[in-house]
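FYI, side chains are in, hydrogens and waters are out, and symmetry mates aren't considered; it's all heavy atoms of this structure.
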Amino acid sequence: MVIHCGAPPGGRTSSDASSLLRPASVRSASSPPFVLLPRNLSAPKQKQQQQPPRRRRRRLDLPVRSSLSSPPPADMDAAVTGLYPLHRCKTLHLVRHAQGIHNVEGEKNHNAYLSYDLFDAHLTPLGWQQVSNLRKHVRACGLPEKIDLVITSPLLRTMQTAVGVFGGEGDTDGIVAPPLMVANAGNSDHPAISSLHCPPFIAVELCREHLGVHPCDKRRSISEYRSLFPAIDFSLIENEDDVLWTPDVREKNEEVAIRGMKFLNWLWTREEKEIAIFTHSGFLFHALSAFGNDCHPSVKSEMCKHFANCELRSVVIVDRGMTGSDASRTNYPGKIPDGLDLPSDVANDKH
C-alpha cells in the first residue's frame, strides 16, 4: 500500500507522541491527506502456479495518473501510477495483536467486554501459537533484518505480540542485557524473550485501541510494564497511570480516526525508514477506512477490512509536503568531475 502524507496539523514536529493525545485543532478525518494502495509481503513460495495467458496491451493504451486524482477512472482496472522520491517514503508493517482472552470471552458474550476480569487482556495459548507462526513468516521474508524500529501500543497483548514476533533469540555471546519480556509475563507461561539481535522497541499511546468503558483496553502503570518488559522504551509516555481511559465514556470512531492521522503524521518526526507497528483492530480499521476511495473496489476492501488476529499488512507512507527533512541516502549529484553536459533537447530549445 502507499499512504500519501501531507504536513501534520499546525506543522507539529515534536517527537513526543503522547503530547499529541491532548485536544488540538485537527483536520477532519473524513478528508485525510493520504491515499492507500497495496504492497505485497509474502514468504517464498514452494511452487509457482501457472497463470493463464493474459492479453497484451499496448503501453500507450495505459492511462497514467496520480494516485491522488479524483474521481477514479471509468475503467477501474486501469493502471494507477505515482512517482515519489525514495527518501520521502517510509515502509510500515501493520500488525494487529494475537488472540487475547477478551476476544474469546467477548465473542461468546459481548457484555463480557465490561468485565474487569479482562483488565489489560493478555494473550491466550492460541494467541501465542499465532505469534509463533507470524514469527516464522517474517523470518521467511527476511523482514527482521530490515526493521529499524518496532512501535507497540502499551497494552499487554500488543507488547506480548510484538516481542514474540521480533524479539531476539540464539546465542548471547556472553552479553548481559535486559530481556524484552521476563518469563511468564502476563500469565503467559512463556519463557523470557531476549533483547539481543533485534531492533529497538518503543511504546506509543497514540496507537492504542478505543479508549474508555472496556477494561480490556485499560493499561497498567508504566512501572509495572517496565518490570515485565525491561527492554521496551516507555519514555514517550508522560503519565505513570492511565489517565486516558475513563469508565463511562467510550472514544468515538471518528476520534479514533483523527488519532490515527496524528499517529501517521508523528511518524515523520522519526528518522527510521522501515517500522513495524503492533496495534489493535479498532484503531487500524478506523485509521485506514477513510482511504482507498479512488482505488478499485477490491483494493479498497483489501485495505479497509478488519484485521484478523496477528495479521500483517505492509504499506508505504509518502511525504508529499515537507514534513520529513531526511536527505536521500542514495541520490548522487553527478557531474563529478565537472564538465559540459547540456542535454540535446535543451540544446535544441536554446538554439
Just verifying a value: how many Å separate E105 CD and C216 SG, rounded to the nearest 0.5 Å? 11.5 Å

Who passes side-chain contact (heavy atoms from CB on, under 4.5 Å) against Y332, sequence neighbours left out? I336

Does the pair R208/D242 count as a salt bridge with the N-to-O cut at 4.0 Å? yes

Cluster link V163 to V182, ILVMFWY, side chain under 4.5 Å: yes

Please check if the side chain of Q160 supplies one atom and the backbone of A185 the other of a donor-acceptor pair under 3.5 Å. yes

Would you say the side-chain atoms of D120 pair up with the backbone N or O of R219, donor to acceptor, closer than 3.5 Å? no

Apply ring-ring contact (aromatic ring centres under 6.0 Å, His included) to H214 and list each qualifying residue two or more places apart in sequence or on a separate chain. Y113

Would you check if the side chain of Y225 reaches a backbone N or O of P154 as a donor-acceptor pair within less than 3.5 Å? yes

Partners passing salt bridge (charged side-chain N to carboxylate O under 4.0 Å, His left out) against E240 (at least two apart in sequence or in another chain): none

Check for me whether R313 meets the cation-pi criterion with F307, that is, NZ or CZ under 6.0 Å from the six-membered ring centre and within 45 degrees of the ring axis. yes

Ignoring hydrogens and geometry, is there a side-chain-to-backbone donor-acceptor pair from N331 to S328 under 3.5 Å? no

Do H87 and D319 have side-chain atoms, one donor and one acceptor, less than 3.5 Å apart? no

Here the gap from L267 atom CG to I277 atom CD1, rounded to the nearest 0.5 Å, amounts to 5.0 Å

Is K218 salt-bridged to D241, cutoff N-O under 4.0 Å? no

Any donor-acceptor pair under 3.5 Å linking the side chain of E311 with the backbone of A308? yes

Just by distance, do the side chain of T279 and the backbone of C207 share a donor-acceptor pair under 3.5 Å? yes

For K90 and D148, run salt bridge (Lys or Arg N to Asp or Glu O under 4.0 Å): C-alpha distance rounded to whole Å, both residues' side-chain angles, the deciding distance at 0.1 Å, then the answer. CA-CA 11 Å; K90 293 180 187 288; D148 300 316; over 6 Å; no

By the definition side-chain hydrogen bond (donor to acceptor under 3.5 Å, both in side chains), identify the one residue from H280, E205, H97, E209 that meets it with S153. H280

Report the C-alpha separation of H190 and H122 in whole Å, then their side-chain angles, then the decisive distance to 0.1 Å, and conclude whether the ring-ring contact (aromatic ring centres under 6.0 Å, His included) test is met. CA-CA 12 Å; H190 194 284; H122 59 79; over 10 Å; no

Distance alone, cut at 3.5 Å: any donor-acceptor contact between the side chains of H93 and E274? yes

